[in-house]
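Both backbone and side-chain heavy atoms feed into the values below; hydrogens, waters and symmetry mates do not. Here, residue 1 is the first one in the sequence, and each next residue gets the next number. Keep in mind that this is a model prediction, so the values were computed, not measured. Atoms within each ligand, like the ligands themselves, are counted from 1 in listed order.
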Amino acid sequence: MTMLPVIPTTPDTPDSVRTRRRPAMPPRHLADLDLAGRKAAVTGLGEPAFRAKQLSTHYFGRLVRDADAMTDLPAAARTRLAGDLLPTLLTPMRELTCDDGATRKTLWKLHDGALVESVLMGYPDRVTACVSSQAGCGMACPFCATGQAGLTRNLSVAEIVDQVVYLAGVAASGAVTGSPPRLSRVVFMGMGEPLANYPRVIEAVRRLIAPAPEGLGLSQRHITVSTVGLVPAMRRLIAEELQVTLALSLHAPDDDLRDELVPVNQRWKVAEVLGAAFDYAARTGRRISIEYALIRDVNDQPWRADLLGRLLHGKLAHVNLIPLNPTPGSKWDASPKPVEREFVRRLREAGVATTVRDTRGREIDGACGQLAASEVTEAGSADPAADAEVAQ
Ligand code: SAH
C-alpha cells in the first residue's frame, strides 16, 4: 500500500465557511516588529543587521513607506527587504477633504478587500489622526454605522500603525493648511472596538510611542483609546501602566437605556464599567473622557444629565458630548441645541467638566457615521488629552 501524505480534512466544513470564520491576516510588515525583531528578520534574509535601522529610519523617521524611495539601499537589498518587510497593506480607494482642507478622510482597501477608514484633522495648534482598529465592529451599537455591518476582522499591528505613518506623512507634506506639519495626536475612534483587538492595539500603541527609529515617538498622553467598556480588557489596560487617555463610550447613565444603546452593557453594567474607568484614572492620574452621543428624546432628558452628574461628581472625568450624526435610515436624530445646552448646564452645575465635540468632517463621513470623531471646541476647553494634562 502506498503511503499518502496526511492531509487534514474537515468534510463538513466547506472552504467558504472556514474562510469566513478565520479571515486571513495580512503579510508581515516591519511595523509588526520591534527593532530586535526587525534585526532578526533582516539577518534572516542574509542582509546585515544595520539594514533594520536603515529601513526603520526611512519608515518611522522620514515617513517613507515606499521602498523605491529608499535610494540609499543597494537595489538588490531593497527588493529583497521590501518584499519581506514592506508589503503594501493599505491601498487608498478614496480621499475626501472638507473644512477647507483641514479634515481629510481616506478610505482604504486591505489586502483581502476589507475596507477601513482613517481621518486626519488639522487645528491651529495640532494635527490628529483618527484610526481604525478593526474592519467593521462586533459591538452592534444601533446608532453607529459600523456597528450595523458587524465585524469582518481585526487589523494587524502594522495595518494600524501604517494608517498613522501615512497620515503623519500627509501632515509633514504641508497638506493640512493652517496646522503644524507634525502629527501629534492619535485617537482610536475610527472603525472597530480597540479593546476587542487588545494585543494588537497595545502593540500598535507601543510602536507609536517608541522613539524613532523604533517607532514614531508620539507622546502617550496624546493617544486616546476609546472603548464601549469591555471591563476585563480595561483592567488589563490598567496593568500595562501606560499613560494613554481612556475614553469610555457611555451614552446613557442608566442600565435600562444603555443595554439598548451599547449592547455590551448587558454583560458589564454602568456601575461596573464606570468603576473600571475610575480605577484607570486613579492608577494613571489621567482624566478619563466620557463619550455621550446626544440623541433626541432618547438619552437627552434633564434627569439623565442629573444622574450622569451624580455618577461623575468628584471623579477625575470629563464629559464629551457628541451631537448624534444620524446614520442612513436611522430613526434617531441629534438633540435640538437648546436641549443640548441644558444638558451641558446641568452637568457643569454638578461640577463635571463638559464639552461638546465639534462636527468636524460631517460632510464627508457618508457611510461611517462616527468618523467625524474626536475633537471638542468649546471656548476654554481643549480636547480630553490636553485637559487631562492640565489636570495633572
Ligand atoms: N468602539 C469604540 C470606538 C469607536 S467610535 C467606542 O465605541 O468607543 C468613537 C465614538 O463615536 C464612540 O463614542 C461612538 O459611540 C461614537 N459614535 C458612533 N456612531 C456615532 C454617531 N452616529 N453619532 C455620534 N457618535 C457616534
Side-chain angles (χ1 to χ4, degrees), residues 105 116-119 121 128-151 154-155 160 163 186-198 201 204-205 223-231 233-234 237 244-252 257-258 260-265 268 273-274 276-277 280 288-296 298-300 318-335 340 355-376 383-384:
K105 181 167 91 163
V116 297
E117 294 177 333
S118 336
V119 183
M121 289 165 290
T128 300
C130 174
V131 295
S132 296
S133 55
Q134 298 181 308
C137 184
M139 297 299 126
C141 302
F143 57 90
C144 171
T146 311
Q148 306 320 295
L151 177 67
N154 286 324
L155 298 196
I160 298 170
Q163 294 173 61
V186 174
V187 295
F188 283 85
M189 291 189 178
M191 287 181 174
E193 165 52 39
L195 296 191
N197 186 14
Y198 188 90
V201 165
V205 167
I223 295 177
T224 299
V225 174
S226 182
T227 180
V228 287
L230 305 182
V231 168
M234 290 167 77
L237 185 63
V244 297
T245 298
L246 181 67
L248 171 64
S249 296
L250 196 66
H251 306 311
L257 181 57
R258 195 167 192 267
E260 187 191 343
L261 294 182
V262 187
V264 80
N265 196 70
W268 295 289
V273 95
L274 278 179
Y280 184 85
I288 51 162
S289 179
I290 302 292
E291 308 294 296
Y292 197 108
L294 271 180
I295 313 175
R296 181 200 287 256
V298 173
N299 65 353
D300 61 357
H318 160 274
V319 175
N320 192 15
L321 295 172
I322 317 168
L324 182 84
N325 190 15
T327 57
S330 158
K331 57 180 176 178
W332 287 322
D333 204 353
S335 303
E340 178 186 291
T355 48
V356 179
R357 182 186 286 182
D358 74 8
T359 51
R360 192 56 94 85
R362 193 145 279 204
E363 312 139 47
I364 54 166
D365 58 1
C368 187
Q370 78 280 38
L371 276 176
S374 87
E375 302 283 337
V376 290
D383 68 4

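Ligand 1 places these atoms under 4.0 Å from at least one heavy atom of Thr227: 6 (C), 8 (O). Listed by number with element, the atoms of ligand 1 under 4.0 angstrom from any heavy atom of Gly192 are 1 (N), 2 (C), 3 (C), 4 (C). Contact atoms of ligand 1 toward Ser249: 6 (C), 7 (O), 8 (O), 12 (C), 13 (O), 15 (O) (distance under 4.0 Å to a heavy atom of the residue). For ligand 1, the atoms lying closer than 4.0 Å to a non-hydrogen atom of Ile322 are 24 (C), 25 (N).
Ring planes of Phe143 and Trp332: tilted class, angle from 30 to 60°.
Contact detail for Val273 and Leu250: the closest heavy-atom pair is CG1-CD1, 4.2 Å.
Remark: ligand 1 and Cys144 share no N or O pair separated by less than 3.5 Å (distance only, no angle test). The shortest N or O to N or O distance between Thr327 and ligand 1 is not under 3.5 Å.
Summarising the geometry, atom CZ belonging to Phe188 is positioned 6.5 Å from atom CD1 belonging to Ile223; distances are rounded to the nearest 0.5 Å. Taking CE from Met189 and CZ from Arg357, the interatomic distance works out to 5.0 Å, rounded to the nearest 0.5 Å. In this structure, CG in Asn265 is found 11.5 Å from NE2 in His251, a value given to the nearest 0.5 Å.
Under a 4.0 Å heavy-atom criterion, Gly190 is in contact with ligand 1.
A donor atom on one side chain and an acceptor atom on the other are not found under 3.5 Å apart for Glu193 and Ser133.
The heavy atom nearest to atom 15 (O) of ligand 1, out of those in Glu291, Met139, His251, is found in His251.
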